[in-house]
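Data first, discussion second: the structure below is written as structure tokens.
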Amino acid sequence: MAENARRTVSLRRVGERRYVATNARGGELPFGQGDDGDFTPVELLLAAIAGCSAIDIDFITSRRAEPETFELTTTANKIRDDQGNRLEDIEVSIRIRFPDGADGDAAREVLPDAAKKSHDRLCTVSRTVELGTPIGMRLD
């Protein structure tokens with residue numbers, strides 16, 4: 001395993017069904033069950049899927065032109081069946097506009113390939129979800 005390959009996020013309870021996730025760099029993200037404005041875990045997953053692809057696409061396209069509009073939306077249906085609670089029909093909608101001119105044309109030209117590369121190879125989050133990586137649970 002590469003030296004910097006391991007990722008860790010810690011979680012602490014800060015109230016009734018309210019938590020804060022902390023990364024190794026000290027960043028904090030509050031979330032809960034959805035009784036207030038905080039994100040739910042499912043919404044965080046949807047945001048992570050869109051965010052991962054956004055970073056990939058932005059890295060590739062913005063070297064050619066700065067976008068005028070850059071929005072990704074992830075939708076999914078939450079279901080409960082014999083396999084338990086889960087999401088299905090996950091879809092990422094990408095809405096990116098570049099300025100007129102040669103630089104914008106260059107960015108528009110690479111956009112479809114950037115989105116495909118993100119989906120097929122680059123985005124760790126969506127690749128993990130699509131490949132169905134097992135999750136271990138351990139009580140310390």
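Given the structure is predicted, the values throughout are model-derived calculations rather than measurements. Numbers here simply count residues along the sequence, with the first being 1.
Identified under the salt bridge (Lys or Arg N to Asp or Glu O under 4.0 Å) test for residues 129-140, with sequence neighbours left out: R127-E130, R138-D140. Screening residues 34-44 for salt bridge (Lys or Arg N to Asp or Glu O under 4.0 Å) gives R18-D36, R18-D38 as the qualifying pairs, with residues at least two apart or on separate chains. The ring pair (Phe, Tyr, Trp, His ring centres under 6.0 Å) analysis of residues 30-54, with sequence neighbours excluded, yields the pairs Y19-F31.
Ion pairing between D105 and R108 holds under the 4.0 Å rule for side-chain N and carboxylate O. Note on R95 versus E71: salt bridge recorded, some NZ/NE/NH1/NH2 to OD/OE distance being below 4.0 Å. Using a cut-off of 4.0 Å between Lys/Arg side-chain N and Asp/Glu carboxylate O, E28 and R12 are scored as salt-bridged.
Of all the heavy atoms in S126 and S118, the pair that sits closest is OG-O, 4.3 Å. What you find for A65 and P99 is that their closest heavy atoms are CB-CD, 4.3 Å. Pairing each heavy atom of L46 with each of A76, the nearest pair is CD2-CB, 3.9 Å. In plain terms, the two heavy atoms of L72 and A50 that are nearest each other are CD2-O, 3.5 Å.
Taking CD of E66 as the reference point, atom CD of E68 lies at 10.5 Å (rounded to 0.5 Å). Within the model, atoms CD1 of I94 and OG1 of T73 stand 10.0 Å from one another, a figure rounded to the nearest 0.5 Å. Taken to the nearest 0.5 Å, the CD1 atom of I79 stands 3.5 Å off from the CD atom of E88. Here the CD-OG1 distance, from E109 to T61, works out to 13.0 Å after rounding to the nearest 0.5 Å. How far CG of D113 is from CD1 of I57: 10.5 Å, rounded to the nearest 0.5 Å.
Two residues are said to be in side-chain contact when any heavy atoms from C-beta on lie closer than 4.5 Å; T8 and N23 fail this criterion. Between L29 and V20 the shortest side-chain heavy-atom distance does not fall below 4.5 Å. Taking the side chain as every heavy atom from C-beta outward, L111 and I96 approach each other to under 4.5 Å. Put simply, the side chain of I90 reaches to within 4.5 Å of the side chain of I49, judged on heavy atoms. A 4.5 Å side-chain heavy-atom check between D103 and R64 finds every atom pair outside the cut-off. Between I135 and T133, the closest side-chain pair of non-hydrogen atoms is not below 4.5 Å.
A donor-acceptor contact shorter than 3.5 Å links the side chain of R7 to the backbone of N4.
With sequence neighbours left out, the ring pair (Phe, Tyr, Trp, His ring centres under 6.0 Å) criterion links F98 to no other residue. Annotation: side-chain hydrogen bond (donor to acceptor under 3.5 Å, both in side chains) contacts of R17 (sequence neighbours excluded): Q33. Applying the ring pair (Phe, Tyr, Trp, His ring centres under 6.0 Å) test to F59 and every residue at least two apart in sequence or in another chain returns nothing.
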Next on the checklist: For a side-chain contact (heavy atoms from CB on, under 4.5 Å) check, start with the C-alpha distance between N77 and L87, then their side-chain angles and the critical distance, and finish with the verdict.
Outcome noted: CA-CA 5 Å; N77 295 320; L87 298 176; over 6 Å; no
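Criterion: ILVMFWY side-chain heavy atoms under 4.5 Å apart, direct or through other members. Under it, L44 and V129 are not part of a common hydrophobic cluster. Hydrophobic clustering places V125 together with F70 (ILVMFWY residues linked when any side-chain heavy atoms are closer than 4.5 Å, directly or through intermediates).
Atom CG of D100 is surrounded by 12 or fewer heavy atoms from other residues, nucleotides or ligands within 6.0 Å.
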